[in-house]
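Residue indices begin at 1 and follow the sequence shown.
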Amino acid sequence: MNYLPSVCPHDCPRTCALETERLDKRIICRIRDAKSDSYTARVICAKVVQYSERIRHPKRLLHPRLRA
């Protein structure tokens with residue numbers, strides 16, 4: 001599989017360049033740093049490194065909770 005260019009989905013002051021490996025057009029398999037970007041050439045933040053696992057986690061909330 002090849003890595004496709006992408007950017008971080010978070011609203012931080014710095015828009016980090018990333019590379020994503022996809023299983024198909026909708027499912028992200030892995031995320032890594034973009035070698036072409038000097039800011040992310042070594043590491044990516046802890047919020048994004050586990051992003052693919054977090055968005056597919058079985059206990060993830062899919063609908064807003066209502067206060068009872």
Can you list the steps and then say if His10 with Cys16 is a side-chain contact (heavy atoms from CB on, under 4.5 Å)?
CA-CA 9 Å; His10 294 283; Cys16 298; over 6 Å; no

In the structure I gave you, are the side-chain heavy atoms of Leu18 and Val48 within less than 4.5 Å of one another anywhere?
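Yes, close enough: below the 4.5 Å cut-off.
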
Looking at Leu62, I want to see if its CG is surrounded by more than 12 non-hydrogen atoms of other residues, nucleotides or ligands under 6.0 Å.
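Correct, the count exceeds 12.
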
Flag yes if more than 12 heavy atoms outside Arg30 fall under 6.0 Å of its CZ atom; otherwise flag no.
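No - once you tally the heavy atoms of other residues, nucleotides and ligands closer than 6.0 Å, there are 12 at most.
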
Got a donor-acceptor contact below 3.5 angstrom from the Arg54 side chain to the Lys47 backbone?
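Confirmed, Arg54 side chain pairs with Lys47 backbone.
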
Who passes side chain to side chain contact (heavy atoms under 4.5 Å, CB included) against Ile27, sequence neighbours left out?
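Side chain to side chain contact (heavy atoms under 4.5 Å, CB included) list for Ile27, sorted by chain: Leu23, Asp24, Arg56.
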
Ile28 and Leu4: same hydrophobic cluster, using ILVMFWY side-chain contacts below 4.5 Å?
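No; tracing contacts between hydrophobic side chains, which count when under 4.5 Å, never links both residues.
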
Rounded at 0.5 Å granularity, tell me how far CD1 in Ile44 sits from CG in Asp37.
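Taking CD1 in Ile44 and CG in Asp37, the distance rounds to 12.0 Å.
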
Which value, rounded to the nearest 0.5 Å, describes the distance between Ser6 atom OG and Arg22 atom CZ?
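Separation between the atoms: 6.5 Å.
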
Under the side-chain contact (heavy atoms from CB on, under 4.5 Å) rule, what do Asp33 and Lys35 come out as? Steps first, then yes or no, please.
CA-CA 6 Å; Asp33 56 317; Lys35 307 293 186 222; 3.4 Å; yes

What's the shortest heavy-atom distance between Ser52 and Cys29, and which atoms?
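Looking at all heavy atoms of both residues, the closest pair is OG-O, 3.4 Å.
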
Closest approach of Tyr3 and Glu21, non-hydrogen atoms and distance?
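The pair with the smallest heavy-atom distance is OH-OE1, 3.3 Å.
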
